[in-house]
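As the structure lists them, so they are numbered: ligands from 1, and atoms in each ligand from 1. Predicted model only: the values in this text are computed from it and were never measured.
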Amino acid sequence: MNKTSFKTLLSLLALAPTVLLADEPPPPEMTEYWTPQPPVVDSPAGGVPSDAIVLFDGTNMDEWVIHRQDEDGDMVARPANWVLEDGAMIVPPREKINGKNGPSSSIFSKQSFGSVQMHLEWRAPKEVKGNGQGRGNSGIFFMNRYEVQILDCYQNETYVNGMTASVYKQHPPLANACRAPGEWQTYDIIFMAPEFSPDGTLLKKATVTVIHNGVLVLNHVELDGPTVYRGLPSYSYHTPRQPFQIQDHNNPVAFRNIWVRELD
Ligand code: MG
């Protein structure tokens with residue numbers, strides 16, 4: 001049999017009952033198809049897949065901005081002001097940079113995304129300060145709304161739907177895979193964007209899968225809406241592509257090696 005497409009395979013399967021009347025099972029080729037072949041992605045060991053968009057490679061923060069008010073009170077993008085050190089970008093000491101009650105330096109990606117596979121590495125400060133939510137707190141927000149929590153939960157308990165690798169205030173992780181503070185940790189995340197009809201009605205909830213340090217901790221969980229600190233989440237319409245946000249929670253959490261593959 002020639003190399004078969006999925007369409008041809010379906011029509012062949014329609015003939016299956018006739019074939020099954022004979023004693024012999026159908027030929028194995030009947031249930032094999034060859035086209036379309038998936039695209040080739042070059043993925044070197046320890047490297048970045050060839051079709052990924054690199055958002056931080058350790059050399060600069062060109063893909064990220066902070067938001068500040070201009071003279072007219074409008075929010076505008078300014079260059080990201082985090083500390084660049086040893087191939088990592090680190091949440092800056094807020095008081096030093098912005099004054100005691102200065103604004104947060106949460107960063108936003110210049111590019112916008114919908115559904116993605118993300119790889120990200122983070123490190124909580126080696127010197128342990130604070131406890132609960134006050135220890136190595138940051139977070140990666142998909143579409144600037146949906147937070148996968150970053151927190152140092154190594155021998156540090158907090159509410160479980162706010163711990164490391166939770167969808168903040170929605171889903172606790174299946175395991176606590178935290179490494180000790182000061183060690184690099186990995187997140188590999190599949191985020192599927194919510195879908196809305198043109199009139200803004202929610203058609204499909206967002207879903208998230210998270211692998212933390214190689215351990216599956218969130219398995220395709222459905223989100224009930226954007227992350228909120230107080231009250232219950234609920235969806236409201238937004239456009240299908242939005243920036244990422246990485247949270248400045250006033251703890252010097254470090255990041256490196258951030259890339260995404262678009263799944264739209
Ligand atoms: Mg957080």
Enquirer: Enumerate the side-chain hydrogen bond (donor to acceptor under 3.5 Å, both in side chains) contacts for residues 71-91, please, sequence neighbours excluded, ordered by first and then second residue.
Expert: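 Listed once each, the pairs are N81-S105.
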
Enquirer: Show me the pairs that pass salt bridge (charged side-chain N to carboxylate O under 4.0 Å, His left out) and involve residues 104-122, at least two apart or across chains.
Expert: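 Residue pairs with at least one partner in residues 104-122: E121-R256.
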
Enquirer: Classify the ring geometry between F108 and H67 as parallel (under 30°), tilted (30 to 60°) or perpendicular (over 60°).
Expert: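 Judged by the thresholds at 30° and 60°, the geometry between F108 and H67 is parallel.
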
Enquirer: Give the ring-plane orientation class for F142 versus F244, where under 30° counts as parallel, over 60° as perpendicular and anything between as tilted.
Expert: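 Rings of F142 and F244: perpendicular, as their planes differ by over 60°.
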
Enquirer: Under 2.8 Å from the Mg ion (ligand 1), which protein atoms of type N, O or S occur, listed by chain and number?
Expert: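 Result, waters dropped: N137 OD1, S138 O, E147 OE2, Q149 OE1, Q247 OE1.
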
Enquirer: Write out all pairs satisfying side-chain hydrogen bond (donor to acceptor under 3.5 Å, both in side chains) with one or both partners inside residues 214-231, taking only residues at least two apart or from two chains.
Expert: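 Counting only pairs at least two positions apart or across chains, the side-chain hydrogen bond (donor to acceptor under 3.5 Å, both in side chains) contacts touching residues 214-231 are K205-D224.
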
Enquirer: Taking atom types as modelled, is there a side-chain donor on S106 or Q247 under 3.5 Å from an acceptor on the other?
Expert: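 Side chains of S106 and Q247: no pair found under 3.5 Å.
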
